[in-house]
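These numbers come from the heavy atoms of this one structure, side chains and all, not from hydrogens, waters or symmetry mates. We name chains A, B, ... by the order of the sequence lines, and we start the count at 1 in each one.
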Protein chains: 2
Amino acid sequence: MEVIKAKRSSLVEQVALQIETFIESGTWPVGSRIPPEMELMEQFGVSRNTLREAVRALVHAGLLQTKQGIGTYVRAKTVLGASFQKRLETSTLLETLEVRHALEREAAWLAAERHTGEELNHIQKCLHECKEAADLHSFAEADIALHHAIVKASHNRILMDLYARLADELHASVHDLTDMNGDPDIDPGAHEELVKAIGARQPEKAAAIVSKDIARLKEMAGQEEKE
Amino acid sequence: MEVIKAKRSSLVEQVALQIETFIESGTWPVGSRIPPEMELMEQFGVSRNTLREAVRALVHAGLLQTKQGIGTYVRAKTVLGASFQKRLETSTLLETLEVRHALEREAAWLAAERHTGEELNHIQKCLHECKEAADLHSFAEADIALHHAIVKASHNRILMDLYARLADELHASVHDLTDMNGDPDIDPGAHEELVKAIGARQPEKAAAIVSKDIARLKEMAGQEEKE
DNA sequence: TTTTAAAATTTGTAGGATGATTGGTTAACC
DNA sequence: GGTTAACCAATCATCCTACAAATTTTAAAA
């Protein structure tokens, strides 16, 4: 792991970007503990202050998390994803659902236009796991995986970045919604129609199904706020 | 400007968040130069290292920009906005237009549902300025202002955050497109229809007009890539 | 008056020191 | 044998001092 020193930008910026690269590339995956400060100082060939400024930048961005006495952990894969999630934490559920609608509708449309055979297979596998889910927890996970697969099939990296964090944030919210309402109100038929429309390359139909699905969630959210 | 010291989080994090607050609240507006390090150290009551880590976090986030020998300047108003713009800089024009479509379509729909009389007046004023634009530059600025007004009328803060940066990034791209094609291909009729649909509280119609508008831009972008 | 050099201001980087936190280990006590 | 307290090592958090580098301002020289 030889670190190249460029001259254009500050040392701190260079180190921060390189750490980001290690994270995005998967060298330091989410959840892993990166080397301690003393080691990083040696690897990057900078003083501790410079190293700390770089690490702190990424801590603030939500990419890393430091634990005194223990070490530094990777919390997120991309800066945009982390800051988006931070933003979602201070937003209302309605705002979040509306943005989800915007992103999912566009993703479904593009997936219908662009998916590969392999991607469609993966989408169909996720659909199958939704149907086979034994409990609410399994269903929620399969549901998220399905939506991720669809966004991936859109071949739009920005959508993927934004959606990765949106899905995590919504995971708990929707989970709470269905818990409190008691009746899970699962509509697997909508998922089946969505996947069918995407497979048949019908973007308008896919988009309409997404709109209908989110509208139902917004209604549930509205009822929740009235209680 | 008395700074309160809480105990829960690290000093660096507290200072960084306070600086962010000063920026978001407009105390330090975009483009302005914030006080030098020595002053900030005294104001926040921390050491220079602690202050630098906080400032560096915001520099990396794109909110601040430091110039050696001169000072530190405010570059953006929100972290999400800054990181989104950073992401857009490494994205293709097609990806950007697709995300723009997702956000603008949702914003137009919500604006049709939720606008206030005051907001509609402002939207109509922006439309008027589009029509009265003497040259391409003026039109582009009025165009951006119109879309900003529509997104604001959606009453969704996330959309506003994301769109603020998206508009800036697209400003140059669309400008380049129209420059290179020679023929500006301005369609003021679409803007008029859009504003009419929003005013008449017809969300479906507003959304369809946005889709049509972006589709035209995507076509132009496609032709550009073929040259 | 103009040009050059020095000084001042401000950020960038390095090194040293102490404090605080966390997890693991060991010893003492019940 | 189980529990609790003390101790230690590892690691991050904060502070201080010093010098370097870049830019602007001021003073001196031509």
Between dG15(C) atom P and M38(A) atom CE, what is the distance in whole Å? 11 Å
Once you round it to whole Å, what is the distance between C1' of dC12(D) and CD of E53(B)? 10 Å
Rounded to whole angstroms, how far apart are CG on L11(B) and P on dC16(D)? 12 Å
Measure from the side-chain N and O atoms of D161(B) to the backbone N and O of L80(B), and report whether any donor-acceptor pair falls under 3.5 Å. no
Have a look at the helix from dT1(C)-dA30(D) to dC30(C)-dG1(D) and give the angle its two end axes make, five pairs each, rounded to 10 degrees. 20°
Salt bridge check: are R105(B) and E98(A) linked by an N-O gap of less than 4.0 Å? no
What is the distance from CG of L51(A) to C1' of dA14(C), rounded to the nearest Å? 13 Å
Does T50(B) make a side-chain N or O approach to OP1 or OP2 of dA13(D) shorter than 4.0 Å? no
Does one side chain, of R87(B) or S91(B), offer a donor that lies under 3.5 Å from an acceptor on the other? yes
Grab the two heavy atoms, one from S154(B) and one from L159(B), that are nearest each other, plus how far apart they are. OG-CD1, 4.0 Å
Send over the distance from M41(B) CE to dT14(D) P, rounded to a whole Å. 14 Å
Taking E53(A)'s backbone N and O only, do any of them form a donor-acceptor pair with R56(B)'s side chain (distance below 3.5 Å, no angle check)? no
If you take any heavy atom closer than 4.0 Å to DNA chain D, which residues from residues 59-76 of chain B end up in contact? Q68(B), G69(B), I70(B)
Integer-rounded Å distance: dT10(C) C1' and E39(B) CD: 12 Å
Indicate the atoms forming the closest heavy-atom contact of F44(A) with V15(A), along with that distance. CD1-CG1, 3.8 Å
Side-chain donor/acceptor of R48(B) to base of dT13(C), under 3.5 Å: yes
With distance as the sole criterion, do the side chain of N49(A) and the base of dG12(C) form a donor-acceptor contact below 3.5 Å? no
Between E42(A) (CD) and dG15(C) (P), how many Å, whole number? 12 Å
Working to the nearest 0.5 Å, report the span between CD1 of I19(B) and OG1 of T27(B). 12.0 Å
Considering just the side-chain nitrogens and oxygens of R33(B), establish if one lies under 4.0 Å of OP1 or OP2 belonging to dT10(C). yes
Considering just the side-chain nitrogens and oxygens of R52(B), establish if one lies under 4.0 Å of OP1 or OP2 belonging to dT14(D). no
Considering the options K152(B), E104(B), H148(B), which one meets the side chain to side chain donor-acceptor pair (under 3.5 Å) requirement together with Y163(B)? E104(B)
Mind calculating the distance between CD (E37(B)) and C1' (dC16(D)) to the nearest angstrom? 15 Å
Residue pairs meeting salt bridge (Lys or Arg N to Asp or Glu O under 4.0 Å), one or both in residues 14-34 of chain B, sequence neighbours left out, come to none
